[in-house]
Q: 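Would you mind keeping the following structure in view while I ask a few things?
Naming: A, B, ... by sequence-line order, numbering from 1 per chain.
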There are 2 protein chains.
Amino acid sequence: MPKVKRKEPNEDAEASSGRQVNFGPLTDYLGYALRRAQMSAVAEFLEAFKEIDLRPTQFAVLTIISENPGVRQTEVCDALGIQKANFVPLLNELERRGLALRKSVAADRRSSALHLTPLGNVTLQRARTIHEAYEQRFVTRLGRRGRDQLLALLNKVMEAG
Amino acid sequence: MPKVKRKEPNEDAEASSGRQVNFGPLTDYLGYALRRAQMSAVAEFLEAFKEIDLRPTQFAVLTIISENPGVRQTEVCDALGIQKANFVPLLNELERRGLALRKSVAADRRSSALHLTPLGNVTLQRARTIHEAYEQRFVTRLGRRGRDQLLALLNKVMEAG
DNA sequence: ATATAACCGTTGTAGGGAATAACAATTGGC
DNA sequence: GCCAATTGTTATTCCCTACAACGGTTATAT
C-alpha cells in the first residue's frame with residue numbers, strides 16, 4: 001500500500017465551515033473560560049520558551065530548586081502539587097540535560113538534596129528573561145491593574161478548594 | 001553545610017514535611033496561578049459532576065449540541081478547539097451512553113448531524129443544575145463582582161493569542 | 001532491642017488530553 | 001472526468017496526572 005501525503009492547500013485557515021455555532025450559556029461559564037485561557041497561556045509559554053526547550057513545570061521546578069538549594073524531592077512535589085512518582089522522570093530529564101542534580105545526603109540516606117548546576121543557573125537566568133517578556137504580554141492585554149487583579153482573583157479561586 | 005534536621009512525629013495531617021519551601025518569584029507568575037487555579041477548578045468540577053459522571057469537555061459538547069441541533073462534528077470541534085480526531089472517541093462515548101447520536105444527512109453523505117437524545121436532554125438539564133451550584137462556589141469566594149471581573153479578564157487573556 | 005510504623009524515592013501501570021499523519025468516502029470546481 | 005477539498009475515521013505519539021506497590025531507610029513504640 002503506497003502512502004501518499006496530500007495535505008497542503010488552502011492558505012485561508014479560518015472560517016472554512018459555513019455555519020455559525022451558537023455557544024449558548026458556555027460563554028458565561030467561568031470554568032470554561034479558565035480552561036481556554038490556560039490552554040492559550042500554555043501554548044504561548046511553549047512558543048516563548050521553545051528556544052531553550054523548557055516547559056512550564058520544568059521552569060517551576062528549576063525556580064523552586066534555585067530558591068531552596070538542597071531541597072528534597074518530596075518537598076518540591078508538595079510545593080508544586082506534583083505526584084512524587086511523576087517527579088522522577090521530570091528530574092531525570094533535568095539531570096540528563098545537566099541543569100540539576102541529586103546529591104546524596106549523609107544524614108538521611110533515603111533522600112537526595114537537589115541543586116542546580118552552573119548550567120542550570122545560567123539557563124534559569126535566561127528563562128527569567130524570557131518569562132519577563134512572556135508576562136509583559138498579559139500586561140499589554142489587561143493593563144497593569146487588570147493583570148494584578150487577575151492574579152489576585154486566581155489566587156482566591158483556590159481558597160478552600 | 002546544612003546539618004541534620006529533626007523530624008517531629010506526625011501529629012497533624014498537614015504540613016507533614018519539615019521544611020518550608022520558598023516559592024520565590026513563582027507566586028507572582030500569572031501563568032503559574034492560572035495553572036493552579038485551573039487544576040483546582042477541574043478537580044472541583046469532577047467532584048461535583050461525579051454523580052452523573054460528566055467531564056468538562058463532555059459537558060461542553062452536550063451544551064453545544066443542545067444549542068445547535070444537527071450540528072456537524074467539525075463545527076463542534078472548531079467551536080471548542082478540539083481536534084476532530086480526538087472528538088471521535090469522545091462522541092462515541094456519548095453515543096454509547098445514549099446521550100447523543102449521529103444522524104446521517106442526505107444532503108452530504110460524508111457528514112453526520114449531531115443531536116441529543118431525550119436522555120441526553122434530561123442529563124444536560126441535571127448537569128446545568130449541578131453547574132449552577134458549581135459556579136456559585138466562585139461567587140462565594142470572589143463575590144459577584146469579582147467573579148464577573150475574572151470572567152472578563154480571562155476572556156481578554158485569549159485576545160490575539 | 002526488637003518489632004512496627006512511617007518515610008523517601010522508585011517502578012510500573014493506567015487513563016485523559018492533545019497533536020500529527022494518513023486514509024476512505026464523498027463532494028465540488030474546472 | 002479529473003483533481004482538489006472536505007468529513008469523519010484510524011493509528012500513533014507525547015505529556016500530564018493518578019494510584020498501587022516495592023526496597024531501602026529512619027523513626028517510633030513496646
Side-chain angles (χ1 to χ4, degrees), chain A residues 1-13 15-19 35-36 38-40 42-43 45-47 53-58 60-61 71-78 80-93 95 102-114, chain B residues 4-13 16-19 35-36 38-40 42-43 45-47 53-58 60-61 71-78 80-93 95 102-114:
Chain A
M1 299 224 180
K3 295 192 169 184
V4 189
K5 167 193 228 176
R6 48 170 146 160
K7 188 90 201 260
E8 334 234 340
N10 204 8
E11 300 277 317
D12 195 359
S16 57
S17 61
R19 183 155 95 177
R35 171 179 172 269
R36 297 301 293 265
Q38 211 259 344
M39 285 181 54
S40 166
V42 168
F45 186 100
L46 294 179
E47 176 64 25
D53 192 25
L54 263 195
R55 273 161 300 172
T57 305
Q58 294 174 322
V61 169
V71 68
R72 288 173 299 151
Q73 295 187 192
T74 303
E75 292 172 332
V76 178
C77 290
D78 290 347
L80 295 180
I82 304 174
Q83 303 294 116
K84 58 183 181 176
N86 303 328
F87 188 71
V88 176
L90 203 161
L91 187 57
N92 285 346
E93 173 69 8
E95 245 187 337
R102 297 168 165 98
K103 273 183 60 179
S104 61
V105 97
D108 188 340
R109 308 223 314 269
R110 293 171 299 181
S111 63
S112 50
L114 305 184
Chain B
V4 186
K5 206 169 13 143
R6 267 307 200 131
K7 269 210 140 289
E8 271 81 298
N10 194 4
E11 299 262 326
D12 205 343
S16 57
S17 61
R19 184 155 95 177
R35 171 179 172 269
R36 295 302 293 266
Q38 210 260 345
M39 284 182 55
S40 166
V42 168
F45 185 101
L46 294 179
E47 176 64 25
D53 192 24
L54 264 196
R55 274 161 299 173
T57 305
Q58 293 174 322
V61 169
V71 68
R72 288 173 300 151
Q73 296 186 193
T74 303
E75 292 171 332
V76 177
C77 290
D78 290 347
L80 295 181
I82 304 173
Q83 305 293 118
K84 58 184 181 175
N86 302 325
F87 187 72
V88 175
L90 204 161
L91 186 57
N92 285 346
E93 174 68 8
E95 243 186 340
R102 297 168 166 99
K103 273 184 59 179
S104 59
V105 99
D108 188 339
R109 307 222 315 265
R110 293 171 301 181
S111 64
S112 51
L114 304 184

Q: Would you kindly give the CD-to-P distance between B:E47 and D:dA18, to the nearest whole Å?
A: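 That distance rounds to 14 Å.
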Q: Who passes side chain to side chain donor-acceptor pair (under 3.5 Å) against B:E93, sequence neighbours left out?
A: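 Per chain and number, B:E93 pairs via side chain to side chain donor-acceptor pair (under 3.5 Å) with B:R96.
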Q: Expressed as a whole number of angstroms, how long is the span from B:R36:CZ to D:dC16:C1'?
A: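 Distance, rounded to whole Å: 14 Å.
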Q: How do A:D108 and B:P56 order along DNA chain C: which one's closest nucleotide is nearer the 5' end?
A: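 Per heavy-atom nearest nucleotide, the more 5' residue is A:D108.
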Q: Expressed in angstrom and rounded to an integer, what is the separation of A:Q38 atom CD from C:dA18 atom P?
A: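 Value for this atom pair: 10 Å.
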Q: Rounded to the nearest Å, what distance is computed from the CD1 atom of residue B:I82 to the P atom of nucleotide D:dG8?
A: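 Value for this atom pair: 13 Å.
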Q: Residues two or more places apart in sequence or in another chain: which of them pass side-chain contact (heavy atoms from CB on, under 4.5 Å) with A:R35?
A: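 Checked A:R35 against side-chain contact (heavy atoms from CB on, under 4.5 Å); matches are A:Y32, A:M39, B:Q38, B:T57.
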Q: In this structure, how many angstroms lie between the C1' atom of C:dG17 and the CD atom of B:E93, rounded?
A: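 From B:E93 CD to C:dG17 C1': 15 Å.
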Q: If the cut-off is 4.0 Å, is B:R35 near the phosphate of D:dT17, judged by side-chain N/O to OP1 or OP2?
A: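 B:R35 to D:dT17 OP1/OP2: side-chain N or O found under 4.0 Å.
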Q: Would you kindly give the CG-to-C1' distance between A:L46 and C:dA19, to the nearest whole Å?
A: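 It works out to 12 Å between those atoms.
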Q: Looking only at heavy atoms, what is the nearest atom pair of B:D53 and B:Q58, with distance?
A: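 Looking at all heavy atoms of both residues, the shortest contact is O-OE1, 3.8 Å.
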Q: Taking only residues two or more places apart in sequence or in another chain, which ones pass ring pair (Phe, Tyr, Trp, His ring centres under 6.0 Å) with A:F45?
A: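 If we apply the ring pair (Phe, Tyr, Trp, His ring centres under 6.0 Å) test to A:F45, skipping adjacent residues, the hits are A:F49, A:Y134.
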Q: Report, one pair per line, the protein and nucleotides 9-14 of chain C atoms (nitrogen or oxygen only) whose separation is under 3.5 Å.
A:
{"unit_1": "C:dG9", "atom_1": "OP1", "unit_2": "A:Q73", "atom_2": "N", "d": "3.3"}
{"unit_1": "C:dG9", "atom_1": "OP1", "unit_2": "A:S112", "atom_2": "N", "d": "3.2"}
{"unit_1": "C:dG9", "atom_1": "OP2", "unit_2": "A:T74", "atom_2": "N", "d": "2.8"}
{"unit_1": "C:dG9", "atom_1": "OP2", "unit_2": "A:T74", "atom_2": "OG1", "d": "2.5"}
{"unit_1": "C:dT10", "atom_1": "OP1", "unit_2": "A:R102", "atom_2": "NE", "d": "3.2"}
{"unit_1": "C:dT10", "atom_1": "OP2", "unit_2": "A:Q73", "atom_2": "OE1", "d": "3.0"}
{"unit_1": "C:dT10", "atom_1": "OP2", "unit_2": "A:Q73", "atom_2": "NE2", "d": "2.9"}
{"unit_1": "C:dT10", "atom_1": "OP2", "unit_2": "A:R102", "atom_2": "NH2", "d": "3.1"}

Q: Between atom CE in B:M39 and atom P in D:dC15, what is the gap in whole Å?
A: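 To the nearest whole Å, that distance equals 18 Å.
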Q: Could you work out, with salt bridge (Lys or Arg N to Asp or Glu O under 4.0 Å) as the rule, every residue matching B:R110, not counting sequence neighbours?
A: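 Here the qualifying residues are B:D108.
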Q: Looking only at non-hydrogen atoms, find the nearest pair between A:P89 and A:A85 and report the distance.
A: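 Scanning both residues, the minimum pair turns out to be CD-O, 3.5 Å.
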Q: Look at the side-chain N and O atoms of B:R55 and state whether any lies under 4.0 Å from the OP1 or OP2 oxygen of C:dG16.
A: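 Indeed, a polar side-chain atom of B:R55 lies that close.
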Q: What residues form a side chain to side chain donor-acceptor pair (under 3.5 Å) with B:R102, not counting sequence neighbours?
A: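 B:R102 satisfies side chain to side chain donor-acceptor pair (under 3.5 Å) with B:Q73, B:N92, B:E95 once adjacent residues are dropped.
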Q: For D:dT17 and A:Q83 - does any side-chain N or O of the residue sit under 4.0 Å from the phosphate oxygens OP1/OP2?
A: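 Result: no.
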Q: Take the protein atom CZ of A:F87 and the nucleotide atom C1' of C:dC7, then report the distance between them rounded to whole Å.
A: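 Answer to the nearest Å: 17 Å.
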